[in-house]
Number of protein chains: 2
Amino acid sequence: MSKKDKATIHDIANKLGITASTVSRALNNHPRISARTKELVHEAAKEINYKPNSFAVALRNGRSRLIGIIIPTVNRNFFSSIVRGIEEYANQHDYRVVITQSYDNYEKEKQTVNALIDAQVDGIMVSLGKNTTALTHFKKAIERGIPLVFFDRVAEELPVSQVVIDDFQAAFQMTEHLIQQGYRRIAHFNSPMKINIFQERLRGYRQALENYGLKVDPELILYSNLQLEDGRESVASLLNQGIPFDAIFSASDYSIVGALQELKKNGIKVPEAVGLAGFGNEPFTEFTDPPLSTVDQVSIPMGQSVAKMFFDLLESEEKSLPIQKVMLRPKVIFRKSTQKIASNPVAKIAPATPF
Amino acid sequence: MSKKDKATIHDIANKLGITASTVSRALNNHPRISARTKELVHEAAKEINYKPNSFAVALRNGRSRLIGIIIPTVNRNFFSSIVRGIEEYANQHDYRVVITQSYDNYEKEKQTVNALIDAQVDGIMVSLGKNTTALTHFKKAIERGIPLVFFDRVAEELPVSQVVIDDFQAAFQMTEHLIQQGYRRIAHFNSPMKINIFQERLRGYRQALENYGLKVDPELILYSNLQLEDGRESVASLLNQGIPFDAIFSASDYSIVGALQELKKNGIKVPEAVGLAGFGNEPFTEFTDPPLSTVDQVSIPMGQSVAKMFFDLLESEEKSLPIQKVMLRPKVIFRKSTQKIASNPVAKIAPATPF
DNA sequence: GAATTGTGCGCAATCGATTGCATTTAATGG
DNA sequence: CCATTAAATGCAATCGATTGCGCACAATTC
């Protein structure tokens, strides 16, 4: 309405009786500009509230100072915390962040990648959708020379840097914990998807059983989409088929809550008759009755790690692009839902194990 | 690395032996360009995979096709659902969305607004932070002629369009429900913040009590930050002081979960001895034991409503800017936590009441 | 057949910032 | 005091797309 016209370097130039070139150089601290002029320019800039036009800069320099994040959904504690970590780091470096959601939908993910490329982001950080199999859309970005970093849900086939947590270790520790508590017929809920995180969790589960001389019973491994309803159904299925079990380790917090509800409905006591452990440390795992043991995916450190890796990559660009892989140590949290041994009624949190 | 050079209209022009002007006009369906030429241009564009350079367009047109969203945090079902609604609508209109979080921090909110203005977004949609009092940062946007739309947490003092839910009605209905269930000493948890939503919820609570001839007891109205811990403390405080109560209606789901935990700890039965009702319909309210009655804030319709209002505003721009206020009807959800009367064990959901 | 109206397209400026290549001015040398 | 060099700035092109104006040529009118 009123002062809709933004100040430009030309306004500064006119004000001072010099040219825009000089103003530009002064603002960019060019060595061939006198200290006095720089001073004047900065003053004038402040006075008329000059802000560089980001589009002009982007057009001229070919760098947008925009980075894209692709995550399955923002509505998960884990992802939103990561985003927060990235955002803070990026803002400090004067970059803006575009958050996009794939909703675990392959088509949407493809569109999103293309949209980001068209938007000319300077780089993309991705956590893959559950249903993503083909990766051509990312190859396109790589060909374009757009830096790429994967986190959590990654694709091993692509030559890109990545940050993950040690899902194997976490699953191993949780399963081990269940065994040590005295549970013997431990069921496992997992996803049929071919994503690293689920496969690693399964591997950890198996390894723990084997290490303790327990048989891995295929009947006890149930595949589903790991939502709340899936958890209920999986438990119902076990009960209906009369398959005995005394604990469940789920690769997702959601399905373990479903399991809890179904068990309660059938009058089965947790943790006395059946122990329950989830994965993800969603906030609600603390609110259930009993509170659920779970795995914290150290989202904040992951966000920072991703951002740092990314900006390292940005700067090293045009030179060699060393592919980095960082694996963070998750935190296994033991709560009441796995306390068959009632020795220690206080929930305890595993200390951050050093690397 | 390889085809890093993006195709431009000049490439198309060269290919066809015409000028960039013609190409531009052909792509924009200018009436003075022949059908034949348009056809050729479109073909060529497809062939060399031409994508307009958004910065050049933005620079030239002064419109960025970017809109900013400011919300307290993305990690709340309510907000992320709204974002989703907005995003879908915006993408259909070929706009991109920048999501930013204020973390309920006034300073951060100010910075964010400025950052968005500097990024030259074409408009901003905001849900205010809890601690926002001054509104000068928004006035700046208004002066700049940047369309603004508020939702949920709004400021009445500013001449901008807004979408809210009927917090008063929802609070009234929930309190009424508690009364009808037979609860008489109904406590209320609220925030000391001067935000519309909290004040309206308080008003609804009082009105219901009055309508049913119940006294509004100041001792029963507790102010806090409404987090989980606050809920525990509020209950503890009531118990310690020996203030009798047989129900709690909280303006937040988080504090009602805290209340539930504290009551359980003291062996007080819910819903038999004390009824509990929250606000927000966070997913975890379904997972607690017993499941909690709460208010669904119809986030999806709100997102759509906000987006629609916003784009209407964008188009009507330069003309009159009628200020619109939309008030959506929330859904009151009755679950087990308020079922003093055990007549109906099945959780029932209030039908969407028509306006 | 000359004048008028349309149609299809090119020229060149523009958006705001950057930058290679002058050009001007000041400082230094002989 | 004039030449040489360094220091400080200006000129003009550029990034890619858009658009007012104008120029050809064709179609229409009387």
Side-chain angles (χ1 to χ4, degrees), chain A residues 3-42 44-45 48-66 94 117-122 144-145, chain B residues 3-42 44-45 48-66 94 117-122 144-145:
Chain A
K3 279 283 277 316
K4 201 163 180 181
D5 335 277
K6 287 196 54 175
T8 73
I9 51 172
H10 293 96
D11 299 331
I12 300 180
N14 288 335
K15 202 170 156 74
L16 298 178
I18 55 181
T19 59
S21 323
T22 305
V23 174
S24 174
R25 282 192 257 256
L27 291 172
N28 290 310
N29 203 26
H30 188 109
R32 297 286 286 273
I33 300 295
S34 72
R36 172 100 189 97
T37 303
K38 285 179 185 172
E39 207 178 304
L40 287 171
V41 168
H42 278 108
I48 66 176
N49 190 31
Y50 167 77
K51 293 283 166 52
N53 181 318
S54 52
F55 300 119
V57 176
L59 175 57
R60 175 65 218 222
N61 297 341
R63 311 188 102 215
S64 61
R65 301 196 83 77
L66 253 188
D94 206 21
I117 293 178
D118 290 347
Q120 298 174 72
V121 295
D122 287 345
R144 278 255 202 292
Chain B
K3 278 285 277 313
K4 203 165 179 178
D5 335 279
K6 288 196 54 177
T8 74
I9 51 172
H10 292 96
D11 298 331
I12 300 180
N14 288 336
K15 202 170 156 73
L16 298 178
I18 55 181
T19 58
S21 322
T22 305
V23 175
S24 172
R25 282 192 256 254
L27 291 172
N28 290 308
N29 202 26
H30 192 283
R32 298 285 285 272
I33 300 296
S34 73
R36 174 98 188 100
T37 304
K38 285 180 185 171
E39 207 177 305
L40 286 172
V41 169
H42 279 108
I48 65 177
N49 190 30
Y50 167 78
K51 292 283 167 53
N53 182 317
S54 50
F55 301 120
V57 176
L59 174 58
R60 174 66 218 222
N61 295 343
R63 311 188 104 216
S64 60
R65 300 198 82 78
L66 252 188
D94 207 20
I117 293 178
D118 290 348
Q120 299 175 69
V121 294
D122 287 345
R144 279 254 202 292

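Chain A is the first sequence line, chain B the second, and so forth, proteins listed ahead of strands; every chain is numbered from 1. The basis for the numbers below is simple: all heavy atoms, side chains too, and nothing from hydrogens, waters or symmetry mates.
To the nearest 0.5 Å, atoms CD1 (A:I48) and CG (A:D11) are separated by 5.0 Å. Atom CG of A:D118 sits about 5.5 Å away from atom NZ of B:K6, to the nearest 0.5 Å. Considering NE2 of A:H42 and CD1 of A:I12, their distance stands at 9.0 Å, rounded to 0.5 Å.
In this structure, the side chain to side chain donor-acceptor pair (under 3.5 Å) partners of B:S64, at least two apart in sequence or on a different chain, are B:D122. For the side chain to side chain donor-acceptor pair (under 3.5 Å) test, residues two or more places apart in sequence or in another chain that qualify with A:T37 are A:S34. Among residues two or more places apart in sequence or in another chain, the side-chain contact (heavy atoms from CB on, under 4.5 Å) test is passed with A:R32 by A:H30. Among residues two or more places apart in sequence or in another chain, the side chain to side chain donor-acceptor pair (under 3.5 Å) test is passed with B:N29 by B:K38.
In terms of position along DNA chain D, the nucleotide closest to B:A56 lies nearer the 5' end than the nucleotide closest to the other residue of the pair B:A56 and B:S21. Nearer the 5' end of DNA chain C, as judged by each residue's closest nucleotide, is the contact made by B:S34, out of B:R60 and B:S34.
For residues 22-33 of chain A, proximity to DNA chain C is found at A:S24, A:R25, A:N28, defined as any non-hydrogen atom under 4.0 angstrom from a strand atom.
Nucleotides of DNA chain D with any atom under 4.0 Å from a heavy atom of chain B span, from 5' to 3', D:dG16 to D:dG20.
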Check residues 49-62 of chain B and write down every donor-acceptor pair under 3.5 Å in which the side-chain atom is one partner and the other belongs to a residue at least two apart or another chain.
| from | atom 1 | to | atom 2 | distance (Å) |
| --- | --- | --- | --- | --- |
| B:N53 | OD1 | A:Q120 | NE2 | 3.2 |
| B:N53 | OD1 | B:F55 | N | 2.8 |
| B:N53 | OD1 | B:A56 | N | 3.1 |

Show me the donor-acceptor pairs, under 3.5 Å and distance only, between side chains in residues 14-22 of chain B and residues at least two apart or in other chains.
| from | atom 1 | to | atom 2 | distance (Å) |
| --- | --- | --- | --- | --- |
| B:N14 | ND2 | B:H10 | O | 3.3 |
| B:K15 | NZ | B:E47 | OE2 | 3.2 |
| B:T19 | OG1 | B:T22 | OG1 | 3.3 |

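Inter-axis angle, ends of the helix from C:dG1-D:dC30 to C:dG30-D:dC1, five pairs per end, rounded to 10 degrees: 60°.
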